[in-house]
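Below is one structure; the comments refer to it alone.
Keep in mind the model is a prediction, meaning the values are calculated, not measured. As the structure lists them, so they are numbered: ligands from 1, and atoms in each ligand from 1.
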Amino acid sequence: MKCDILVIGAGILGLSSAFHLKKQNPEKRIIVIDRLAGPGQGNTSKSAGGFRDIFTAGSNLPLAESTISWFDHLQGEQGYKVGFAHTTYLWLLSEKRHREMEDSFRTAESKGVDFKVYEEEQLNQLIPDLNTDFSDDDEAELMGLTPVKIGVQGLNCGIIDTDALTKAYESLFLELGGEIQYNTTAHKLELKPEIELGIPGEPFVWQEPVVSGVQTSRGPIEAGTTVVAAGAWSGTLLDPIGYPSMMKPKTRMIFVFKDPRLSGLYGTSGFNRYNVLPLTQLPNIKIYLKADLSEGSLWLGVSEDIGREFKLYDEPEAEERLYSENVYYSLTKHLPCFNDVRPINMWGGQRAINSVDKQPVVDSMTGMIYVGAASGNGIIKSDALGRIVAAKYSGETEAELFNGDSYEVSRLSIKSRKVDKEDF
Ligand SMILES: Cc1cc2nc3c(=O)[nH]c(=O)nc-3n(C[C@H](O)[C@H](O)[C@H](O)COP(=O)(O)OP(=O)(O)OC[C@H]3O[C@@H](n4cnc5c(N)ncnc54)[C@H](O)[C@@H]3O)c2cc1C
């Protein structure tokens, strides 16, 4: 099989790239392949589907801002029901943590990010389940926990249904005449020399190597350009040809709760028009809660940093013990309504982490573009990254984002990388 562009991976980044590539190049034959049976079934479907514009880096903020406006447009004007809801984000902070983060919030605000700040008393009124008084709690002191004193709410933030979002990109791509083959695994990227001599063993060291396609479970596919958008699995294709993926896979788990004892917390009113708890980050304990509108459940995500191995898993198992023997003790100090409550569902997914600057990569060599290392922010930045891939393919130096902003394409490359320090 032959095509102009082959995209490996039908996750959010592969499908967004495929759609923007096809939109800019309607005459080209573009094929997406995925080893799984449908769109977004890799780590996209495992994500919490949170979106936020709370970033400080000039290289990050435009990616999120423009993707959020695109989500709004997709649902509002294009009529795709993608569950885009401004439920907002809420950072619950101890005094110390607030002091540490104050400058970062101020920097984000100076860049146009919309915040609202809540004092302890207001938080107690809005979230009656929140315990902000640890004064007689020796155990909390022993555990090094500090109570919440300040809440910072990000207003242009919320949640989206990632399954519906990937299906929307899939339909947009197919409507333009794009092709998708599921249940097709890419085994190996093919390298050939730019000028072929037809001698066995090419490319030799003096020849310029070019990615010419891929060996798949259904036979070879020859492609003018191969886009590697294989998420956490990108290294399995890039490592064998010695191309740096700049990322390592790490597991993150989500626990789901639906219990009458949590209905008050789920239905927290006063923060958004849905009258649900915002996507809420708890202090000290690296966990967040999300009210899932489709099922009326609360999701708890755990973002461990040091202590969790970097390792590639196809289906990482959720560890119930992480909740019951670890998170539970600190969670119930802040939110006693979780006492004796156990999850009804749980899963693990993998984030492709760029451990150096935590920002995505869009890089290329002749015949190949790589998009990935989204570091847990792939949904938030998906549309902008797809547009940057399409601009890179066309040899443009600037990508035009949905909201009209220009983004320098080489900023996210490996050699000419120009990313700023990110506080969040
Ligand atoms: C628990 C969890 C919570 C998260 N929460 C958020 C959040 O709130 N907000 C946010 O923005 N991001 C979040 N993320 C991160 C987000 O899920 C990812 O950044 C995003 O899904 C990456 O998209 P992708 O297309 O690169 O990867 P994937 O969705 O994994 O897509 C890669 C695809 O490539 C396919 N593939 C791989 N290898 C091959 C091969 N050899 N041949 C053919 N196909 C192949 C896979 O089957 C897969 O479908 C979260 C992640 C996790 C795990």
Side-chain angles (χ1 to χ4, degrees), residues 6-18 31-52 55 60 63-64 67-68 71 89 157-160 162-163 165-166 169-170 180-189 214-218 221 226-238 240 245 247 249-256 279 281 288 290 292 299-304 312-316 318 346-354 358 360-362 370-383 385-386 389:
L6 171 72
V7 179
I8 305 173
I12 192 71
L13 295 186
L15 287 171
S16 162
S17 302
I31 303 176
V32 176
I33 60 167
D34 199 292
R35 66 193 179 99
L36 299 173
Q41 291 188 8
N43 285 308
T44 297
S45 62
K46 313 258 179 78
S47 100
F51 68 83
R52 64 177 162 108
F55 290 105
N60 253 339
L63 303 178
T67 300
I68 295 172
F71 291 163
Y89 266 42
C157 308
I159 52 173
I160 191 156
T162 52
D163 287 338
L165 181 65
T166 39
Y169 272 119
E170 185 196 43
I180 306 189
Q181 276 195 9
Y182 290 113
N183 300 310
T184 307
T185 302
H187 289 313
K188 182 174 170 281
L189 294 172
V214 66
Q215 290 292 342
T216 79
S217 50
R218 298 186 188 215
I221 303 180
T226 301
V227 177
V228 176
W233 295 274
S234 294
T236 62
L237 294 166
L238 298 175
S245 64
M247 70 88 195
K250 189 177 264 205
T251 300
R252 175 178 274 194
M253 289 166 212
I254 290 190
F255 301 88
V256 178
L279 199 148
Q281 191 84 42
Y288 58 88
K290 167 194 146 173
D292 183 60
W299 292 16
L300 182 149
V302 189
S303 40
E304 297 156 285
L312 182 64
Y313 291 97
D314 278 353
E315 287 293 337
M346 67 193 84
W347 61 84
Q350 291 219 291
R351 298 183 307 146
I353 300 197
N354 167 353
K358 300 252 164 56
V361 173
V362 181
Y370 161 53
V371 55
S375 306
N377 292 168
I379 314 296
I380 299 169
K381 300 172 187 167
S382 53
D383 190 69
L385 291 175
V389 168

Original post:
How would you list, by chain and number, the residues with a heavy atom under 4.0 angstrom from ligand 1?
Top reply: I8, G9, G11, I12, L13, D34, R35, L36, G42, N43, T44, K46, S47, A48, G49, G50, T184, T185, A186, A229, A230, G231, W233, R252, I254, Y288, G349, Q350, R351, A374, G376, N377, G378, I379, I380
Subject >> Step-by-step side-chain contact (heavy atoms from CB on, under 4.5 Å) determination, T216 to I8 >> reply: CA-CA 10 Å; T216 79; I8 305 173; over 6 Å; no
**OP:** Classify the side-chain pair K358/N60 by whether it contains a donor and acceptor separated by less than 3.5 Å.
**Re:** no
Original post:
Do the side chain of D34 and the main chain of A10 share a donor and acceptor less than 3.5 angstrom apart?
Top reply: yes
Subject >> F55 six-ring face occupied by K381 cation (under 6.0 Å, within 45°) >> reply: yes
Original post:
Got a sec, which residues hit side chain to side chain contact (heavy atoms under 4.5 Å, CB included) with A18, two or more places apart in sequence or on another chain?
Top reply: V7, V32, F173
Original post:
Would M247 and V361 satisfy side-chain contact (heavy atoms from CB on, under 4.5 Å), going step by step from the backbone distance to the final call?
Top reply: CA-CA 9 Å; M247 70 88 195; V361 173; over 6 Å; no
